[in-house]
A.B. asks: 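Input: one structure, supplied below.
For ligands, and for the atoms within them, numbers begin at 1 and follow the listed sequence. All values below come from the heavy atoms of this structure, side chains included, with hydrogens, waters and symmetry mates left out. For this chain, numbers begin at 1 and follow the sequence in order.
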Amino acid sequence: MLPNLEWHASAVRREQRVGRGSTVWLTGLSASGKSSVAAELERRLIAGGRPAYRLDGDNLRHGLNSDLGFAADDRTENVRRVGEVACLFADAGLVAVVSLISPYRADRARARERHRATGLRFVEVFVDTPLEICESRDPKGMYAKARAGELTGFTGVDAPYEPPLSAELVLRPGMGDSAAMAGLIEEALGRA
Ligand SMILES: Nc1ncnc2c1ncn2[C@@H]1O[C@H](COP(=O)(O)OS(=O)(=O)O)[C@@H](OP(=O)(O)O)[C@H]1O
Ligand SMILES: Nc1ncnc2c1ncn2[C@@H]1O[C@H](COP(=O)(O)OP(=O)(O)O)[C@@H](O)[C@H]1O
């Protein structure tokens, strides 16, 4: 009987990627530092010979997710799509580094479950920068606009953020700059 080629390819890939393909999922408020840490992590992984690819919510909203807004359903769909793309990248042997507010626990849990079902590691990292600090950074002036009522449904101001209850890693402001934080994630990735 001829082998099932589809099955064969995926089994070989799985064998080749042992200890390699994974997803690091950074969640947190706007301006918490997700993108900075993700960029640093991607840089470090690639420099260390480990293929990595960054999937940044803000960037993906210009292409793959350009049809989505910030209503709850749109955010859910945004997270679902990015979760699926991350799964594909991880299955191909890369470390997918996702940075997305991803405010809803159920949506993050679904992304985790999709990875688990495919036998892929999923490392959830909560960038736990308090709202007051994010607001004081406000690099794009969006918190100011939200407070002024010029922007509605802004996460942390008038839209919810559900913090993770059991993330693999929690990053807090006292833990250093984005390079130090990326180092902590690399360690967690090694343990996962
Ligand atoms: N209403 C509202 N709420 C939150 N964020 C908003 C909003 N409108 C625009 N932005 C900008 O969009 C970036 C977040 O996009 P995400 O795809 O990560 O959001 S989500 O996961 O779907 O909630 C986020 O970028 P980051 O600051 O990099 O997180 C914001 O700059
Ligand atoms: N660990 C950190 N300590 C202090 N400031 C930081 C840190 N990480 C990021 N920042 C600053 O906070 C702002 C928001 O960072 P960014 O990575 O764009 O956050 P996010 O992707 O969560 O919106 C930027 O001005 C950035 O320079």
A.B. asks: Give the residue and atom name of whichever protein heavy atom lies nearest to atom 14 (C) of ligand 1, and the separation in Å to one decimal.
C.D. replies: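 Of every protein heavy atom, I101 CD1, 3.6 Å lies nearest to atom 14 (C) of ligand 1.
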A.B. asks: What protein heavy atom is closest to atom 2 (C) of ligand 2, reported as residue, atom name and distance in Å?
C.D. replies: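 Heavy-atom neighbour on the protein nearest atom 2 (C) of ligand 2: R137 NH2, 3.8 Å.
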A.B. asks: I need the nearest protein heavy-atom contact for atom 28 (O) of ligand 1: residue, atom name and distance, please.
C.D. replies: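 So the nearest neighbour among protein heavy atoms is K140 NZ, 3.3 Å.
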A.B. asks: Can you report which non-hydrogen protein atom sits closest to atom 21 (O) of ligand 2, along with the distance?
C.D. replies: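 Checking every protein heavy atom, the shortest distance to atom 21 (O) of ligand 2 gives S35 OG, 2.6 Å.
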A.B. asks: Does D138 come within less than 4.0 Å of R147, counting only side-chain N to carboxylate O?
C.D. replies: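 Not counted as a salt bridge, because no side-chain N and carboxylate O are separated by less than 4.0 Å.
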A.B. asks: Against heavy atoms of S30, which atoms of ligand 1 measure under 4.0 Å?
C.D. replies: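 It comes down to these atoms of ligand 1: 26 (P), 27 (O), 29 (O).
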A.B. asks: List ligand 1 atoms under 4.0 Å from P103, heavy atoms only on the residue side.
C.D. replies: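 So the answer, numbered in order with elements, is 21 (O), 23 (O).
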A.B. asks: Which residue and non-hydrogen atom of the protein lie closest to atom 24 (C) of ligand 2, and at what distance in Å?
C.D. replies: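 The closest one turns out to be P139 CG, 4.4 Å.
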A.B. asks: Less than 4.0 Å is my threshold; does some heavy atom of S99 fall inside it relative to ligand 2?
C.D. replies: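 False for this residue.
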A.B. asks: Checking E135 side chain against Y143 main chain: does a donor-acceptor pair fall under 3.5 Å?
C.D. replies: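 Looks like no, no N/O pair under 3.5 Å.
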A.B. asks: So for atom CG, which belongs to D73, do other residues, nucleotides or ligands contribute more than 12 heavy atoms lying within a distance under 6.0 Å?
C.D. replies: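 Result for CG/D73: open.
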A.B. asks: May I ask you to list the atoms of ligand 1 that are less than 4.0 angstrom from any heavy atom of A31?
C.D. replies: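 With A31 as reference, the close atoms of ligand 1 come out as 27 (O).
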A.B. asks: Just need the protein heavy atom nearest to atom 23 (O) of ligand 1, so name the residue and atom and give the distance.
C.D. replies: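 Scanning the protein heavy atoms, the shortest distance from atom 23 (O) of ligand 1 goes to R75 NH1, 2.8 Å.
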A.B. asks: Where is the nearest protein heavy atom to atom 19 (O) of ligand 2: which residue, which atom, and how far?
C.D. replies: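 Result for atom 19 (O) of ligand 2: G33 N, 3.0 Å.
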A.B. asks: Which residue and atom name correspond to the protein heavy atom nearest atom 1 (N) of ligand 1, and how close is it?
C.D. replies: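 Answer for atom 1 (N) of ligand 1: G153 O, 2.8 Å.
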A.B. asks: I need the nearest protein heavy-atom contact for atom 21 (O) of ligand 1: residue, atom name and distance, please.
C.D. replies: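 Checking every protein heavy atom, the shortest distance to atom 21 (O) of ligand 1 gives S102 N, 2.8 Å.
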A.B. asks: In terms of atom number and element, which parts of ligand 2 are under 4.0 angstrom from non-hydrogen atoms of L29?
C.D. replies: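 Near L29, the atoms of ligand 2 are 22 (O).
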A.B. asks: Is it true that a side-chain atom of K34 and a backbone atom of G28 form a donor plus acceptor pair closer than 3.5 Å?
C.D. replies: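 Yes, the answer is positive, given that a donor and an acceptor are paired below the 3.5 Å cut-off.
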A.B. asks: Does this structure show an ion pair linking E84 with R81, if we count only N-O contacts that are shorter than 4.0 Å?
C.D. replies: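 No, this pair does not count.
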A.B. asks: Checking a contact table here: which protein heavy atom is nearest atom 1 (N) of ligand 2, and how many Å away?
C.D. replies: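 It is G176 O, 3.4 Å.
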A.B. asks: Donor-acceptor pair, E40 side chain versus A182 backbone, under 3.5 Å?
C.D. replies: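 No: the side chain of E40 does not pair with the backbone of A182.
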A.B. asks: Could you tell me the residue and atom name of the protein heavy atom closest to atom 8 (N) of ligand 1, and the distance to it rounded to 0.1 Å?
C.D. replies: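 Protein heavy atom at minimum distance: F70 CE1, 3.4 Å.
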A.B. asks: Taking only heavy atoms of K34, which atoms of ligand 1 are found under 4.0 Å from at least one of them?
C.D. replies: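 What qualifies from ligand 1 is 29 (O).
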A.B. asks: Does ligand 2 have any atom sitting under 4.0 Å from a heavy atom of S32?
C.D. replies: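 A heavy atom of S32 does come that close to ligand 2.
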A.B. asks: Please determine whether any non-hydrogen atom of A159 lies less than 4.0 Å from an atom of ligand 1.
C.D. replies: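 The answer is no, since A159 has no heavy atom less than 4.0 Å from ligand 1.
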A.B. asks: What pair of heavy atoms forms the shortest contact from R50 to S22, and how long is it?
C.D. replies: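 Looks like NH2-OG, 4.1 Å.
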A.B. asks: For the pair E113 and R116, evaluate salt bridge (Lys or Arg N to Asp or Glu O under 4.0 Å) and give the outcome as yes or no after the intermediate values.
C.D. replies: CA-CA 5 Å; E113 174 53 25; R116 196 202 58 75; 2.9 Å; yes
A.B. asks: So for D56, does at least one of its heavy atoms come nearer than 4.0 angstrom to any atom of ligand 2?
C.D. replies: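 The answer is no, since D56 has no heavy atom less than 4.0 Å from ligand 2.
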A.B. asks: Enter the distance from C87:SG to L120:CG here, rounded to the nearest 0.5 Å.
C.D. replies: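 C87 SG to L120 CG: 5.5 Å, rounded to 0.5 Å.
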A.B. asks: Which of the numbered atoms in ligand 2 are under 4.0 angstrom from any heavy atom belonging to D177?
C.D. replies: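 Counting atoms of ligand 2 from 1, those under 4.0 Å from D177 are 1 (N).
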A.B. asks: T27 and P164: which non-hydrogen atoms are nearest, and at how many Å?
C.D. replies: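 Taking every non-hydrogen atom into account, CG2-CG, 3.8 Å.
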A.B. asks: Atom 15 (O) of ligand 1: which protein heavy atom is closest, and how many Å away?
C.D. replies: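 Going atom by atom, the protein heavy atom closest to atom 15 (O) of ligand 1 ends up being R61 NE, 3.4 Å.
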A.B. asks: If you measure every N/O of A31 against every N/O of ligand 2, is any gap under 3.5 Å?
C.D. replies: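 In this structure, A31 places an N or O atom under 3.5 Å from an N or O of ligand 2.
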A.B. asks: When rounded to the nearest 0.5 angstrom, what is the spacing between CD in E186 and CZ in R44?
C.D. replies: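 Between E186 CD and R44 CZ, I get 4.5 Å after rounding to 0.5 Å.
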A.B. asks: Looking at W25 and S102, what are the two nearest heavy atoms and their distance?
C.D. replies: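 Heavy atoms of W25 and S102 come nearest at NE1-OG, 3.0 Å.
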A.B. asks: On the ring face of F70, is R61 found with NZ or CZ under 6.0 Å from the centre and within 45° of the axis?
C.D. replies: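 Yes, a cation-pi geometry.
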A.B. asks: Pull out every atom of ligand 2 sitting under 4.0 Å from any heavy atom of S178, numbered as shown with elements.
C.D. replies: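 Taking each heavy atom of S178 in turn, ligand 2 has 1 (N) under 4.0 Å.
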A.B. asks: Looking only at protein heavy atoms, identify the closest one to atom 22 (O) of ligand 1 and say how far it is in Å.
C.D. replies: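 Answer for atom 22 (O) of ligand 1: N78 ND2, 2.7 Å.
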A.B. asks: Does D56 reach the main-chain N or O of N59 with its side chain, forming a donor-acceptor pair under 3.5 Å?
C.D. replies: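 Flag set: sc D56 to bb N59 pair under 3.5 Å.
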A.B. asks: Taking all non-hydrogen atoms of both residues into account, name the closest pair between A52 and I46 and its distance.
C.D. replies: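 So the two residues come closest at O-CD1, 3.7 Å.
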A.B. asks: Which heavy atom of V127 sits nearest a heavy atom of S32, and at what distance?
C.D. replies: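 So the minimum-distance heavy-atom pair works out to CG1-O, 3.3 Å.
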A.B. asks: For A39, is the nearest heavy atom under 4.0 Å from an atom of ligand 2?
C.D. replies: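 The answer is no, since A39 has no heavy atom less than 4.0 Å from ligand 2.
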A.B. asks: With nothing but distance in play, are any N or O atoms of S36 less than 3.5 Å from an N or O of ligand 2?
C.D. replies: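 N/O-N/O distance under 3.5 Å: yes.
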A.B. asks: Charged N to carboxylate O below 4.0 Å: is that the case for E168 and R112?
C.D. replies: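 Looking at R112 together with E168, the answer is yes, because their closest N to O distance falls below 4.0 Å.
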A.B. asks: Checking contacts now, so for atom 27 (O) of ligand 2, which I'm interested in, is there any protein heavy atom under 4.0 Å?
C.D. replies: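 So atom 27 (O) of ligand 2 lacks protein heavy-atom neighbours under 4.0 Å.
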A.B. asks: Below the 3.5 angstrom mark, is there an N/O of S30, backbone or side chain, next to an N/O of ligand 2?
C.D. replies: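 No.
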